There are 2 protein chains.
Amino acid sequence: MNRIDAILQQKSVRITPMRQLVLKHFLQEDAVLGLNELEETFQKSDRITIYRTLKTFEEKGIIHSIQNGVSEVKYALCKEHCEEQHHIDRHPHFHCLVCGSIECLESVLLPPTILPQGYSASEIKMNIKGRCKKCQG
Amino acid sequence: MNRIDAILQQKSVRITPMRQLVLKHFLQEDAVLGLNELEETFQKSDRITIYRTLKTFEEKGIIHSIQNGVSEVKYALCKEHCEEQHHIDRHPHFHCLVCGSIECLESVLLPPTILPQGYSASEIKMNIKGRCKKCQG
DNA sequence: CAATTCATGCAATGGTATTGCATTGTTAGC
DNA sequence: GCTAACAATGCAATACCATTGCATGAATTG
């Protein structure tokens, strides 16, 4: 069995052509992608089906969502131990204000945050805006 | 001059009835508010005008925006030294998954984050989801 | 093989965010 | 004070993204 199918199976997602296609694309590109980009890439595919594929992937812990607050919701592969309904995004997301790119800063670990007495966290997300490596100077 | 007008003037925002009204409400409530709630509160006022008031306030550093990724954008007063185009939200935002409330955790300072070589940040936002104080147990 | 469950494709809708434009109100220079 | 310039407001309209309903087709299970 190939890598794509293995991942789908391991995450309890039924294997279909659409899902193979989308997952393959994420693995190949290793990029942050939104619905519009994917629709552009797979012009023959139905937008709604791609939408639901993303939703399914997110729910099953294959990809995680990134909200930059500007355009649409973006998605990137989970490289950590995400499972159904339980995402651990231990890295911040960087949004470059110059080139507009969005990336996962995998190398940066979210520092442990001490919550006030009585609060408990199930998800922590950090979004950073600024200039990326390519856009300095 | 009263407190409301003083703030508006200090932030270079022209004083108008609408702006006095909205700012007064934020100061009184000391809460996180969205456009819909404000529209509800000021039924006689035009939705778009409130919208633009919020945009102006955000731009001028009077309030800052909070995206919970679920509903509309929310806003809260800047209690730190925010200026035009330069927001420093040094606190995380907490979104309770039980009661739905959103609040600024003013008492929690964002830990210093070390970015990879070549990156520079102008804005850092941290959003936490979980159970708030009132919804434990 | 039949029944059920799930995925897909198309259409339609809901909601939030945003812009255009005409009008009114405010400021500033003369 | 008066007029020109500018900013704020109110109404209408739109753009875009997210989401759901439903009928059809495919896959799985007993």
Side-chain angles (χ1 to χ4, degrees), chain A residues 1 4-5 7-25 32-60 62-75 84 95 100 102 127, chain B residues 1 4-5 7-25 32-60 62-75 84 95 100 102 127:
Chain A
M1 183 181 287
I4 315 267
D5 291 0
I7 294 173
L8 290 174
Q9 198 173 64
Q10 194 251 316
K11 300 284 186 177
S12 310
V13 175
R14 190 179 285 182
I15 296 165
T16 70
M18 177 86 265
R19 291 170 177 178
Q20 290 172 320
L21 204 62
V22 172
L23 180 51
K24 187 181 171 195
H25 192 64
V32 174
L33 301 166
L35 181 54
N36 286 332
E37 289 151 279
L38 289 168
E39 195 191 3
E40 190 79 13
T41 306
F42 308 121
Q43 300 211 350
K44 282 177 293 184
S45 307
D46 180 58
R47 177 185 178 82
I48 309 301
T49 306
I50 302 174
Y51 170 78
R52 281 195 263 234
T53 300
L54 291 172
K55 281 293 191 187
T56 303
F57 280 9
E58 186 189 13
E59 194 183 314
K60 298 291 186 177
I62 297 175
I63 59 178
H64 61 273
S65 66
I66 305 164
Q67 312 238 356
N68 63 25
V70 177
S71 59
E72 53 174 6
V73 175
K74 308 280 183 180
Y75 296 89
E84 189 163 353
H95 179 198
I102 296 172
N127 287 292
Chain B
M1 184 181 283
I4 316 269
D5 290 359
I7 293 172
L8 291 173
Q9 197 173 65
Q10 194 251 316
K11 300 285 187 179
S12 310
V13 175
R14 190 179 284 183
I15 297 165
T16 71
M18 177 86 264
R19 291 169 178 176
Q20 290 172 317
L21 206 60
V22 172
L23 179 52
K24 187 181 171 193
H25 192 63
V32 174
L33 302 166
L35 182 54
N36 286 331
E37 289 152 279
L38 289 168
E39 196 191 2
E40 190 79 13
T41 307
F42 307 120
Q43 301 211 350
K44 282 176 295 182
S45 307
D46 181 58
R47 178 184 178 81
I48 309 301
T49 306
I50 302 174
Y51 170 77
R52 283 196 262 235
T53 300
L54 291 172
K55 282 292 192 187
T56 304
F57 280 10
E58 186 189 14
E59 193 184 313
K60 298 292 186 175
I62 297 175
I63 59 178
H64 62 274
S65 67
I66 305 163
Q67 312 238 355
N68 63 24
V70 178
S71 60
E72 54 173 6
V73 176
K74 307 280 184 181
Y75 296 90
E84 190 164 353
H95 179 196
I102 295 171
N127 287 292

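Note that this is a predicted model, so its numbers are computed, not measured. Throughout, a chain's letter reflects where its sequence line sits, starting with A, and its residues are numbered from 1. Computation of the quantities below employed the complete heavy-atom set of this structure, encompassing side-chain atoms and omitting hydrogens, waters and symmetry-equivalent molecules.
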_Within this structure, what is the NE2-CD1 distance for the pair B:His95 and B:Ile102, rounded to the nearest 0.5 Å?_
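Answer rounded to 0.5 Å: 4.5 Å.
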Could you tell me the separation between the [atom1] atom of [X] and the [atom2] atom of [N], rounded to a whole number of Å?
X: A:Leu38; N: D:dA18; atom1: CG; atom2: P; answer: 12 Å
X: A:Leu8; N: C:dC6; atom1: CG; atom2: C1'; answer: 15 Å
X: B:Leu21; N: D:dA8; atom1: CG; atom2: P; answer: 17 Å
X: B:Glu72; N: C:dG15; atom1: CD; atom2: P; answer: 12 Å
X: B:Met18; N: D:dA7; atom1: CE; atom2: C1'; answer: 16 Å
X: A:Asn68; N: D:dA18; atom1: CG; atom2: P; answer: 10 Å
X: B:Ile50; N: D:dC11; atom1: CD1; atom2: C1'; answer: 14 Å
X: B:Lys44; N: D:dC11; atom1: NZ; atom2: C1'; answer: 19 Å

Restricting to side-chain hydrogen bond (donor to acceptor under 3.5 Å, both in side chains), what partner residues turn up for [X], sequence neighbours left out?
X: B:Thr49; answer: B:Asp46
X: A:Arg47; answer: A:Asn36, A:Glu39
X: A:Gln10; answer: none

*How do A:Lys55 and B:Val13 order along DNA chain D: which one's closest nucleotide is nearer the 5' end?*
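Mapping each residue to its closest nucleotide by heavy atoms, the 5'-most match is B:Val13.
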*Compute whether any side-chain donor of one residue and acceptor of the other, for B:Gln20 and B:Asp5, lie under 3.5 angstrom apart.*
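The criterion, which ignores hydrogens and geometry beyond distance, is satisfied for B:Asp5 and B:Gln20.
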*Looking at residues at least two apart in the chain, or sitting in another chain, which of them share a ring-ring contact (aromatic ring centres under 6.0 Å, His included) with B:Phe42?*
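ring-ring contact (aromatic ring centres under 6.0 Å, His included) list for B:Phe42, sorted by chain: B:His25.
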N/O contacts under 3.5 Å, protein versus nucleotides 20-28 of chain C?
residue	atom	partner	partner atom	Å
C:dG20	O6	B:Arg52	NH2	3.0

*Could you check if a side-chain atom of A:Ile66 sits within less than 4.5 angstrom of a side-chain atom of A:His64, using non-hydrogen atoms only?*
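Touching, per the 4.5 Å side-chain cut-off.
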*Are side-chain heavy atoms of B:Asn127 and B:Asn68 found at a separation under 4.5 Å?*
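In short, these two side chains do not touch, never coming nearer than 4.5 Å.
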*What is the bend of the helix from C:dC1-D:dG30 to C:dC30-D:dG1 when you compare the axis at one end with the axis at the other, using five pairs each and rounding to 10°?*
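Terminal axis comparison yields 30°.
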_Looking at A:Tyr51, I'd like to know whether one of its side-chain N or O atoms comes within less than 4.0 Å of OP1 or OP2 on D:dT19._
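For A:Tyr51, the contact criterion (side-chain N or O under 4.0 Å from OP1 or OP2 of D:dT19) is met.
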*Can you list every pair that meets salt bridge (Lys or Arg N to Asp or Glu O under 4.0 Å) and has a residue in residues 62-72 of chain A, with sequence neighbours left out?*
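Listed by first then second residue: A:Glu72-A:Lys74.
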